[in-house]
Amino acid sequence: MSDAKTMQVDPMSITDEKVMKTLKEVVAANPDRIYEAPEHQLADEPSACFYVHTDDLTNDPVSPGCLVGQVLNRLGLSLDRLAELEGHDAHQAVAALGLPLTDRTVNALGQVQHGQDSGQTWGEAYARSVGEGI
């Protein structure tokens, strides 16, 4: 199996069902997590959320970052591809990737991203966005 950095998948194979199932799995694995961006990334960017965390010396992508980045990477999108989306909110990222998702799924991603960025745990952000707990 490919590693998280180089995995790539056909965006058209990413469905609403896969996104929502993966979102729930990522949150269930760490419901109490409060997202924090690496300090070295915050120094150069106004955003507090990163789809990809980078090495502090080389700036190379090393792992998925925020909740939406974790979901998209687990669905098969490479870290390099996700790094190109920095600065985009979830709605813009889905559009840039050409994912065939319904407004309901895109809105759920946007809401969990907003909740996470507002300091909620991943479990809280999920519950408030999707209307159910983990």
Side-chain angles (χ1 to χ4, degrees):
M1 183 172 169
S2 297
D3 67 24
K5 184 174 178 183
T6 59
M7 268 190 310
Q8 194 62 302
V9 68
D10 175 7
M12 297 309 288
S13 71
I14 298 177
T15 64
D16 292 304
E17 294 77 20
K18 287 179 182 177
V19 169
M20 295 308 293
K21 179 178 182 279
T22 303
L23 175 61
K24 189 171 188 172
E25 290 170 356
V26 170
V27 171
N30 209 346
D32 297 325
R33 181 173 179 184
I34 295 175
Y35 176 78
E36 291 184 27
E39 287 294 322
H40 71 276
Q41 284 183 254
L42 289 172
D44 297 327
E45 295 289 334
S47 172
C49 172
F50 297 91
Y51 294 116
V52 176
H53 289 175
T54 60
D55 182 270
D56 62 341
L57 298 176
T58 65
N59 212 29
D60 290 333
V62 292
S63 67
C66 70
L67 182 51
V68 173
Q70 297 268 342
V71 169
L72 294 174
N73 183 249
R74 193 177 284 195
L75 287 167
L77 292 159
S78 71
L79 295 181
D80 290 330
R81 181 66 180 111
L82 293 176
E84 296 171 3
L85 303 172
E86 296 298 9
H88 291 65
D89 65 23
H91 293 85
Q92 295 165 330
V94 167
L97 290 167
L99 303 181
L101 303 177
T102 64
D103 288 344
R104 182 176 181 180
T105 299
V106 176
N107 287 337
L109 288 175
Q111 290 172 356
V112 296
Q113 186 179 54
H114 177 73
Q116 168 203 263
D117 293 351
S118 299
Q120 296 172 10
T121 67
W122 283 2
E124 291 168 336
Y126 179 86
R128 291 182 180 167
S129 302
V130 179
E132 66 179 56
I134 293 296

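Throughout, numbering of the chain's residues begins at 1 and tracks the sequence. All values below were derived from every heavy atom in this structure, side-chain atoms included, with hydrogens, water molecules and symmetry-related copies excluded. Note that this is a predicted model, so its numbers are computed, not measured.
When every heavy atom of Val27 is checked against every heavy atom of Trp122, the shortest pair comes out as CG1-O, 3.6 Å. Closest non-hydrogen pair, Pro11 versus Pro100, comes out as O-CD, 3.4 Å. Of all heavy-atom pairs spanning Leu79 and Pro64, the tightest one is CD2-N, 3.5 Å. Heavy-atom minimum distance, Val52 versus Glu86: N-OE2, 3.0 Å. Nearest heavy atom pair, residue His88 against residue Ala93, reads CB-N, 3.9 Å. Among all heavy-atom pairs drawn from Ile14 and Leu101, the shortest one is O-CD2, 3.7 Å.
Using a distance-only test at 3.5 Å, with no hydrogens or angles considered, a donor-acceptor pair links the side chain of Lys18 to the main chain of Ser13. Listed for the Asn107 side chain is a donor-acceptor partner under 3.5 Å among the backbone atoms of Asp103. The backbone N or O of His40 sits nowhere less than 3.5 Å from a side-chain atom of Asp56 that would complete a donor-acceptor pair.
In this structure, CD in Gln120 is found 9.5 Å from CD1 in Ile34, a value given to the nearest 0.5 Å. To the nearest 0.5 Å, the span separating SG on Cys66 from CG on Asp117 amounts to 7.0 Å. If you take CD on Gln92 and CG on Leu97, they are separated by 11.5 Å, rounding to the nearest 0.5 Å.
Salt-bridge formation is detected for the pair Lys21/Glu25: a Lys NZ or Arg NE/NH1/NH2 atom is positioned less than 4.0 Å from an Asp or Glu carboxylate oxygen.
Scored by the side chain to side chain donor-acceptor pair (under 3.5 Å) test, Asp55 finds Thr58 as partners (sequence neighbours excluded).
Checked by atom type, the side-chain pair Asn59/Thr54 shows a donor-acceptor distance below 3.5 Å.
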Walk me through it: do Thr121 and Asp32 pass the test side chain to side chain donor-acceptor pair (under 3.5 Å)? CA-CA 5 Å; Thr121 67; Asp32 297 325; 5.2 Å; no

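Looking at Thr22, Val112, Leu77 one by one, the single match for side chain to side chain contact (heavy atoms under 4.5 Å, CB included) with Val71 turns out to be Thr22.
Among residue pairs with one or both ends in residues 51-75, those qualifying as ring-ring contact (aromatic ring centres under 6.0 Å, His included) are Tyr35-His53; sequence neighbours excluded.
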